[in-house]
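To find a chain, count down the sequence lines: A is the first, B the second, and so on, and within it residues start at 1. Both backbone and side-chain heavy atoms feed into the values below; hydrogens, waters and symmetry mates do not.
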Amino acid sequence: MTFRIDKLGVVIAALLAYGAFLAPFANFRANRIVPGEARGILEALPAGLGAALLGFAVIAIVVVVLKTPTVFRLLLGLAALLALAILVGLSAGHLTPPENTYARVSPASGFWLLSFAFALLTADALARLRLSPLARVALLAAVAAAAAGLLVSGAWDGLSILKEYGSRADSFWLEAGRHVVLALGSLVAATLVGLPLGILCHRVEALRAGVLNVLNIIQTIPSIALFGLLIAPLGWIAVHVPGAAALGIRGIGAAPAFIALFLYSLLPVVANTVVGLAGVPRDANDAARGIGMTDGQRLFRVELPLAFPVILTGIRIVLVQNIGLATIAALIGGGGFGVFVFQGIGQTAMDLVLLGAVPTVALAFAAAIVLDAATELSNRKPGRAA
Amino acid sequence: MIEIDSITKRYGETAVVDSVSMTIAPHTITVIVGTSGSGKTTLMRMINRLVEPTSGTILIDGADNRSIPGYELRRRIGYAIQGHGLFPHRTVAENIATVPTLLGWEKSRIAAKVKELLSLFQLDPAAFGPRYPHELSGGQQQRVGVARALAAEPNILLMDEPFGALDPVIRAKAQDDLLAIQKHFGTTIVLVTHDMEEAFHLADRIAVMDKGRIVQYAAPEEMLVNPATDFVETLIGAGERPFRLLSIGAVADAAEAGEAEGEPIAAASSQRDALSALLWSGREALPVVGADGARLGRVTLAGLARRAARPQ
Ligand SMILES: Nc1ncnc2c1ncn2[C@@H]1O[C@H](COP(=O)(O)OP(=O)(O)O)[C@@H](O)[C@H]1O
Ligand SMILES: [Mg+2]
């Protein structure tokens, strides 16, 4: 029997070796703003567990370097990620002195490197397995359920980020709601406007270049500048249009944030609609007209169904982009996870920044997976088996 | 009956179709031939108003084709194009059902029609109905395209180079199928092609187009014997004329009284096929049999040679 080397596995092994033996596993701070002290695996974990983790890392290094069965690599990756998640929670309890509520423990570079390496292993195995879209969504749901389980069980309660959460649980969920409403609401609005606009641009060639150029220019305006540009007109509307202020339209706050996200979202939706419609086979369009479809029937029965996967790709871009961009709404009092990020920056409290950043990244990641799966499902011609 | 009266289509200054008049008899196959860009497609698309004429009128069974909305007109006229134009996101059955669905037929009637047409085109309904177009061969896609055009039982079928994308063997089969279908439904067919072989094989009447005008509109024999212009003569191909003449006639018409040895020839096949069989077998004569196998006499080399000669 010969042993063959897996190329990506060598990279992962190097990350694992560095993360396990050289980098610190956790950071300990006497309170939330002082600089931290690094702790290696053996110090950060209760006796026995640290040694076990190091042993596990050594075995993992051997397994990933050699060409091992893909399913086995996947299971190893998932198991390792779960173990790391649990261990980092344990390290918090281990490092925090009893009865001390000021001390903070957060994951350090070694933990992140190990997690990244095992995530890479998992992602690589998943890509090689070519899981069906539904299986990918199911896996995402399982991971989300596991994370939720750890959160609810209190296994992570000792970690600094959850201590930040603990002191502002109410506002966390309020801002989470605002974040989702901003991101999804502006997406819905952009779809409602962008889809007809894209169809119009497709039908009326004279409009196409102009509209796409304007939307392109809007994309290049930095968000802060766009907020600035919106303050004056929205402020004017708030004062002069009856009822506008009552609706929450003001120069600052959620309204300009919503409008900015909406404007940024238009280009991907319109451009993808135009590209999708342009990609509909000429013959299919000609035949649709030739056998007696009206323009409306042709649009809804032939053009839009055939362009749908491309349009969905545009919507995916917008959703992921909006979930990230909604963070900056906090700059002008629009709410969302950005509130924690900017407060954290102001107080030089990294844990608070993470309280805003981690859920944002997780949401964007989940949205990308779900919409990728939807795009793939809509792209796949059914009935291929026959 | 389709009556085209001084129809003209201009794009800018150029008349793509220039004051064309022709009458197409019901239950016949009319083939429009001509070089590429001569205006064949434009002329045909004015019949179902995919193209609106600049001037002139077209009457279909006596009624101006502008008396109803274009889409309603087109639901009554079958339309099949090169490369089939099937909807890639719909199954074969759904594709064929398109026009009947637009017309609001009952589900059971649509299903029965789809089944009938698939069987007629020698595609097993159970196997092919649920498939998607990309799962069919080129020839099968083309047949489904014609089946879709015929689904609402139109009196008129317009076909724009329908067999252009098929290889020669499949094309010959598709042409014979079309002849059989035309007999079956009695459809009036207008077919555009640039393939003269195809034109002579299918046509009751041929219209030759050149630079937007009809230079000759006649039965194939007439066109062979009396080409109206040098252009028509070139298009037919001077060297091909005797063989085209034979390819129009059926063996039944060339049968003489008498006996002959050898492999019999079907009365329905073309005189050209008979000539080919005679030359290949090295015989002077071969027996002719009817569809029922009964002897109808014989066909001779000398007889065919007389028929292939320029009529005096
Ligand atoms: N929509 C159009 N606009 C401008 N010119 C056109 C249009 N459609 C066809 N033509 C021109 O009309 C001429 C005849 O076209 P067509 O009827 O398609 O010819 P054919 O089918 O005989 O090849 C060509 O020169 C073509 O370029
Ligand atoms: Mg043409």
Please classify the contact of [X] with chain A as side chain, backbone, both or neither, using a heavy-atom distance under 4.5 Å.
X     : answer
B:E72 : neither
B:I81 : side chain
B:R76 : neither
B:R45 : side chain

Output the distance between atom CZ (A:R73) and atom CG (A:L8), rounded to the nearest 0.5 Å.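 Output value for this atom pair is 7.5 Å.
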
Quick one: does NZ or CZ of B:R74 land under 6.0 Å from the six-membered ring centre of B:Y71, within 45 degrees of the ring axis?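 Cation-pi check for B:R74 and B:Y71: fails.
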
Looking at B:V99, B:L158, B:L102, which makes the most heavy-atom pairs under 4.5 Å with chain A?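 Of B:V99, B:L158, B:L102, B:L102 has the most heavy-atom pairs under 4.5 Å with chain A.
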
So which of A:L192, A:V274, A:V269, A:V211 actually passes side chain to side chain contact (heavy atoms under 4.5 Å, CB included) with A:L197?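 Output: one option passes, namely A:V211.
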
Might you point out which heavy atoms bring B:P133 and B:F87 nearest each other, and give the distance in Å?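 Answer, listing the atom of B:P133 first, then B:F87: CG-O, 3.5 Å.
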
Closer than 3.5 angstrom, by distance alone: can the side chain of A:R298 be matched with the main-chain N or O of A:R289 as a donor-acceptor pair?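 No; judged by distance alone, with no hydrogens or angles, the pair does not exist.
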
A:R301 portion near chain B, given a 4.5 angstrom heavy-atom threshold: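 Backbone plus side chain of A:R301, per the 4.5 Å heavy-atom cut-off to chain B.
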
